[in-house]
A.B. asks: 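One structure, as structure tokens, below. Some questions next.
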Amino acid sequence: MVGVTSSAAALPGGPAREPGAVGVSCAGARAGIERLEGRITPNTCAFLERQLAFGRMATGAPPSAEQTPEEAVRHPRVAAYLDIFDPEATLWEAGSTPRTGRLVIGAAIAGSLRMVPDLYYTGTDVVADGSTVMFGQWNTATVKGHKVAYPQIARNVLGDEGRTIQARRYYDRHVLVRDTLPNAPKGLFDGIADHGRAPARGPARAAVTAGGLPDRLAAWNTGNTDALLRRAGGAGLAGPGLAEPLVTKGGKQAYLKRLFGKADLNLKAGQVAFGTSTTYVEWHGTVTRKQDAAGGEENPAVPFGIVERFGPDGQWELYFDTLPVLTDQATINNLLAQLATP
């Protein structure tokens, strides 16, 4: 089941869009991406080709848990994944500290392929802006016999030869456990729905500018829902836990207030990618889960981030992991260990 709503442009089989990208041809990559915007340099093209090659590659027999890291990196699909990265790259995955270096990143993807050997993805909405590439992708996999599908933003900063020197991955891990494990926590946004007066007109494109980003960062860190909604204009809101985008002000306020009621955010400005009609904004830092009752020990801050996507047809999409807002790290580790158990 789909855990995060997304625009038609970010869904498999979405409407074909006129590419808003300039630069080198990169025909092979363009054919594998539904919307591509920005200046496509040779480095960007090389990255896109490697990213797409891994996504469509069959795993075959997955890496064995008995293999050493040096042996695991020789697995063909692990090697294809590592080809995306610079040898000294860092990779941040949801809820973790950054991983550095070929063997560490290789061990991480080997573990993922053991759990979901049929992982497959295609490119959805991709924006290249200088050395930053925001790669929207639609993932499908089988987790303990359950089919799951969900969107992800792979944020990459490129170095020489188009290899990633810093990567961050934004997706909601709750979709992996929600329908798979009986002890999975309830969704953070269960029960949130539109209410109140619907807008008289269709969704309006959000007006996001570089000059307005400091105020938007402050709004995220202070839980200022009014400021976030005001800057987003009349855009419909899609995000983790929503079956359909929210279009009413009341629904969008309820969604944001649920998040801010459960978590304190301490975010910093990350990368921004402005395309012809699509803008991606990254906020990265920590989240602290609020206490359910007064007097308890304060919960630790854990790595966290949010990517916002503002699309051309009135889309406002959020990409983030809800698990660290729902429960503690020990519980998350236990859930993930259950997923990895045959």
A.B. asks: Would you say Arg216's side chain and Leu228's backbone share a donor-acceptor pair under 3.5 angstrom?
C.D. replies: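 A pair under 3.5 Å: yes.
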A.B. asks: Please round to the nearest 0.5 Å and tell me the distance separating atom OG1 of Thr44 and atom CD of Gln51.
C.D. replies: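 Nearest 0.5 Å value for the OG1-CD distance: 12.5 Å.
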A.B. asks: Flag the pair Phe47 / Thr41 as yes when at least one side-chain heavy-atom distance between them is below 4.5 Å, and no otherwise.
C.D. replies: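 Side chain of Phe47 against side chain of Thr41, heavy atoms only: no contact under 4.5 Å found.
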A.B. asks: Using a 4.5 Å cut-off on heavy atoms from C-beta on, say whether the side chain of Met57 contacts that of Pro76.
C.D. replies: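 Heavy-atom side-chain distance check passes, below 4.5 Å.
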A.B. asks: Ring centres of Tyr319 and Tyr171 under 6.0 Å apart?
C.D. replies: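 Centroid distance Tyr319-Tyr171: not below 6.0 Å, so no.
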A.B. asks: What pair of heavy atoms forms the shortest contact from Phe260 to Asn224, and how long is it?
C.D. replies: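 The pair with the smallest heavy-atom distance is CE1-N, 4.4 Å.
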A.B. asks: May I ask you to decide if Thr341's main-chain N or O and Lys144's side chain share a donor-acceptor pair within less than 3.5 Å?
C.D. replies: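 Side chain of Lys144 to backbone of Thr341: a pair is present.
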A.B. asks: For Thr331 and Asp328, what are the C-alpha separation, side-chain angles and deciding distance, and is it a side-chain hydrogen bond (donor to acceptor under 3.5 Å, both in side chains)?
C.D. replies: CA-CA 6 Å; Thr331 300; Asp328 61 86; 3.0 Å; yes
A.B. asks: Give the minimum heavy-atom separation between Leu48 and Ala29, together with the two atoms involved.
C.D. replies: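 Scanning both residues completely, I find the closest heavy atoms to be CB-CB, 3.7 Å.
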A.B. asks: Identify whether Tyr120 and Tyr81 are in the same connected component of the hydrophobic contact network (ILVMFWY, side-chain heavy atoms under 4.5 Å).
C.D. replies: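 Per the 4.5 Å side-chain linkage, Tyr120 and Tyr81 are not co-clustered.
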A.B. asks: Thr225 and Lys257: side-chain donor and acceptor closer than 3.5 Å?
C.D. replies: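 No, Lys257 and Thr225 have no side-chain donor paired with an acceptor closer than 3.5 Å.
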A.B. asks: Measure the CD-CG distance between Gln329 and Asn334 for me, rounded to the nearest 0.5 Å.
C.D. replies: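 Answer rounded to 0.5 Å: 11.5 Å.
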A.B. asks: Distance from Leu323 atom CG to Leu188 atom CG, nearest 0.5 Å?
C.D. replies: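 Taking CG in Leu323 and CG in Leu188, the distance rounds to 10.0 Å.
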A.B. asks: Any side-chain to backbone donor/acceptor pair from Ser112 onto Ala108? Under 3.5 Å, distance only.
C.D. replies: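 Such a contact is found between Ser112 side chain and Ala108 backbone.
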A.B. asks: Compare all side-chain heavy atoms of Leu213 with those of Trp283 and state whether any distance is below 4.5 angstrom.
C.D. replies: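 When only atoms from C-beta onward are counted, Trp283 and Leu213 do touch, with a gap below 4.5 Å.
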A.B. asks: Is it possible for you to say whether Leu265 and Val272 belong to one hydrophobic cluster, with membership spreading through side-chain heavy-atom contacts below 4.5 Å?
C.D. replies: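 Yes, Leu265 and Val272 fall within the same hydrophobic cluster.
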A.B. asks: Going by atom types alone, do Arg155 and Gln166 pair a side-chain donor with an acceptor below 3.5 Å?
C.D. replies: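 Distance-only check passes for Arg155 and Gln166.
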A.B. asks: Between Asp172 (side chain) and Thr322 (backbone), is there a donor-acceptor pair under 3.5 Å?
C.D. replies: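 Side chain of Asp172 to backbone of Thr322: a pair is present.
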A.B. asks: Taking atom types as modelled, find out whether Asp118 and Thr142 have a side-chain donor-acceptor pair closer than 3.5 angstrom.
C.D. replies: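 On atom types as modelled, these side chains qualify, holding a pair under 3.5 Å.
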A.B. asks: Do you know which two heavy atoms are closest between Cys26 and Ile40, and how far apart they sit?
C.D. replies: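 Smallest heavy-atom distance, with atoms named: CB-CG2, 4.1 Å.
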A.B. asks: Determine whether Asp86 and Thr164 satisfy the following criterion, side-chain contact (heavy atoms from CB on, under 4.5 Å), listing intermediate values before the conclusion.
C.D. replies: CA-CA 6 Å; Asp86 181 87; Thr164 296; over 6 Å; no
A.B. asks: Side chains of Arg30 and Ser25: do they bring a donor and an acceptor to under 3.5 Å?
C.D. replies: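 Not at all, the side chains of Arg30 and Ser25 share no donor-acceptor pair under 3.5 Å.
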A.B. asks: Rounded to the nearest 0.5 Å, how far apart are CG of Leu119 and CG of Leu113?
C.D. replies: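 Answer rounded to 0.5 Å: 7.0 Å.
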A.B. asks: Applying the side-chain hydrogen bond (donor to acceptor under 3.5 Å, both in side chains) test to Glu282, which of Arg168, Gln271, Lys268 qualifies?
C.D. replies: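 Result: among Arg168, Gln271, Lys268, Arg168 is the only option passing the side-chain hydrogen bond (donor to acceptor under 3.5 Å, both in side chains) with Glu282.
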A.B. asks: Should Phe189 and Ile306 be regarded as members of a common hydrophobic cluster, given that ILVMFWY residues are connected when their side-chain heavy atoms come within less than 4.5 Å of each other, either directly or indirectly?
C.D. replies: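 Both belong to a single hydrophobic cluster.
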A.B. asks: Taking NZ, NE, NH1 and NH2 as the nitrogens, is one of them in Arg163 or Asp83 under 4.0 Å from a carboxylate oxygen of the other?
C.D. replies: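 The answer is yes: the pair qualifies as a salt bridge.
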A.B. asks: Are Ile165 and Phe85 connected in a single hydrophobic cluster, I mean Ile/Leu/Val/Met/Phe/Trp/Tyr linked by side-chain heavy atoms less than 4.5 Å apart?
C.D. replies: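 Result: no, two separate clusters.
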A.B. asks: CD/Glu37 to OG1/Thr278 distance, rounded to the nearest 0.5 angstrom?
C.D. replies: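 These two atoms lie 4.0 Å from each other.
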A.B. asks: Any idea which heavy atoms bring Tyr150 and Leu176 closest together, and the distance?
C.D. replies: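 Scanning both residues, the minimum pair turns out to be CE2-CD2, 3.8 Å.
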A.B. asks: Is there a donor-acceptor contact under 3.5 Å from the side chain of Arg173 to the main chain of Leu336?
C.D. replies: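 Checked: no pair found.
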A.B. asks: Would the number of heavy atoms belonging to other residues, nucleotides or ligands and lying under 6.0 Å from CG of Asp190 be above 12?
C.D. replies: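 Above 12, so yes.
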A.B. asks: Could you tell me which non-hydrogen atom of Pro324 sits nearest to which non-hydrogen atom of Phe304, and how far apart they are?
C.D. replies: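 Nearest pair, atom of Pro324 first, then Phe304: CG-CD1, 4.2 Å.
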A.B. asks: Are Val175 and Leu181 grouped together when hydrophobic residues (ILVMFWY) are joined by side-chain heavy atoms under 4.5 angstrom apart?
C.D. replies: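 Yes: a chain of side-chain contacts under 4.5 Å links Val175 to Leu181.
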A.B. asks: Counting N and O atoms only, with roles assigned by atom type, does the side chain of Asn221 sit under 3.5 Å from a partner on the main chain of Ala219, one being a donor and the other an acceptor?
C.D. replies: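 A pair under 3.5 Å: no.
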A.B. asks: Tell me, do Leu318 and Tyr255 make a side-chain contact under 4.5 Å, heavy atoms counted?
C.D. replies: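 They are in side-chain contact.
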A.B. asks: Just by modelled atom types, is the Thr68 backbone N or O under 3.5 Å from a matching donor or acceptor in the Glu71 side chain?
C.D. replies: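 Checking the backbone N and O of Thr68 against the side chain of Glu71, a donor-acceptor pair under 3.5 Å is found.
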A.B. asks: Of all heavy-atom pairs between Ala235 and Lys252, which one has the smallest distance, and what is that distance?
C.D. replies: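 Scanning both residues completely, I find the closest heavy atoms to be O-NZ, 2.8 Å.
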A.B. asks: Quick check: do Arg258 and Ile192 have side-chain heavy atoms less than 4.5 Å from each other?
C.D. replies: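 Yes, at least one pair of side-chain atoms sits under 4.5 Å.
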A.B. asks: Any chance NZ of Lys290 has more than 12 other-residue heavy atoms, nucleotides or ligands included, within less than 6.0 Å?
C.D. replies: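 Atom NZ in Lys290 is crowded, with more than 12 foreign heavy atoms closer than 6.0 Å.
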A.B. asks: Going by an N to O cut-off under 4.0 Å, is there a salt bridge joining Arg102 and Glu88?
C.D. replies: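 So Arg102 does not pair with Glu88 through a salt bridge.
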A.B. asks: Would a distance-only check, ignoring hydrogens and angles, find a side-chain to backbone donor-acceptor pair under 3.5 Å from Asp194 to Val247?
C.D. replies: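 The answer is yes, because a donor-acceptor pair under 3.5 Å joins these two groups.
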A.B. asks: Answer whether the closest heavy-atom distance between the side chains of Val126 and Arg35 falls below 4.5 Å.
C.D. replies: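 Side chain of Val126 against side chain of Arg35, heavy atoms only: no contact under 4.5 Å found.
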A.B. asks: Please evaluate residues Arg99 and Thr90 with respect to the criterion side-chain contact (heavy atoms from CB on, under 4.5 Å), reporting the C-alpha separation (whole Å), side-chain torsions for both, the decisive distance (0.1 Å), and the verdict.
C.D. replies: CA-CA 5 Å; Arg99 298 178 172 95; Thr90 62; over 6 Å; no
A.B. asks: Okay, side chain of Arg77, backbone of Phe54: is any donor-acceptor separation there less than 3.5 Å?
C.D. replies: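 Side chain of Arg77 to backbone of Phe54, a donor-acceptor pair under 3.5 Å: yes, one is there.
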A.B. asks: In sequence, state the C-alpha distance, the side-chain angles, and the governing distance for Glu34 and Trp138, and then conclude on side-chain hydrogen bond (donor to acceptor under 3.5 Å, both in side chains).
C.D. replies: CA-CA 11 Å; Glu34 292 180 16; Trp138 186 258; over 6 Å; no
A.B. asks: Between His174 and Pro185 (side chain of the first, backbone of the second, donor and acceptor by atom type, cut-off under 3.5 Å), is there such a pair?
C.D. replies: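 Yes: the side chain of His174 pairs with the backbone of Pro185.
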A.B. asks: Walk me through whether Tyr121 and Arg56 qualify under side-chain contact (heavy atoms from CB on, under 4.5 Å).
C.D. replies: CA-CA 6 Å; Tyr121 63 76; Arg56 62 176 174 257; over 6 Å; no
A.B. asks: Mind checking the OG1-CG spacing from Thr286 to Leu267? Nearest 0.5 Å is all I need.
C.D. replies: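 The distance works out to 7.0 Å.
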A.B. asks: For residues Trp220 and Leu259, determine if any side-chain heavy atom of one lies less than 4.5 Å from a side-chain heavy atom of the other.
C.D. replies: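 Yes. Closest side-chain heavy atoms under 4.5 Å.
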A.B. asks: Evaluate the criterion side-chain contact (heavy atoms from CB on, under 4.5 Å) for residue pair Val133 and Leu158; output intermediate values, then yes/no.
C.D. replies: CA-CA 8 Å; Val133 180; Leu158 307 184; 3.8 Å; yes
A.B. asks: Taking side chain as C-beta onward, heavy atoms only, is Lys262 less than 4.5 Å from Arg289?
C.D. replies: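 Answer no - side chains too far apart.
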A.B. asks: How are the rings of Trp92 and Tyr170 set to each other: parallel, tilted or perpendicular (split at 30° and 60°)?
C.D. replies: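 Tilted, since the angle between the ring planes falls between 30° and 60°.
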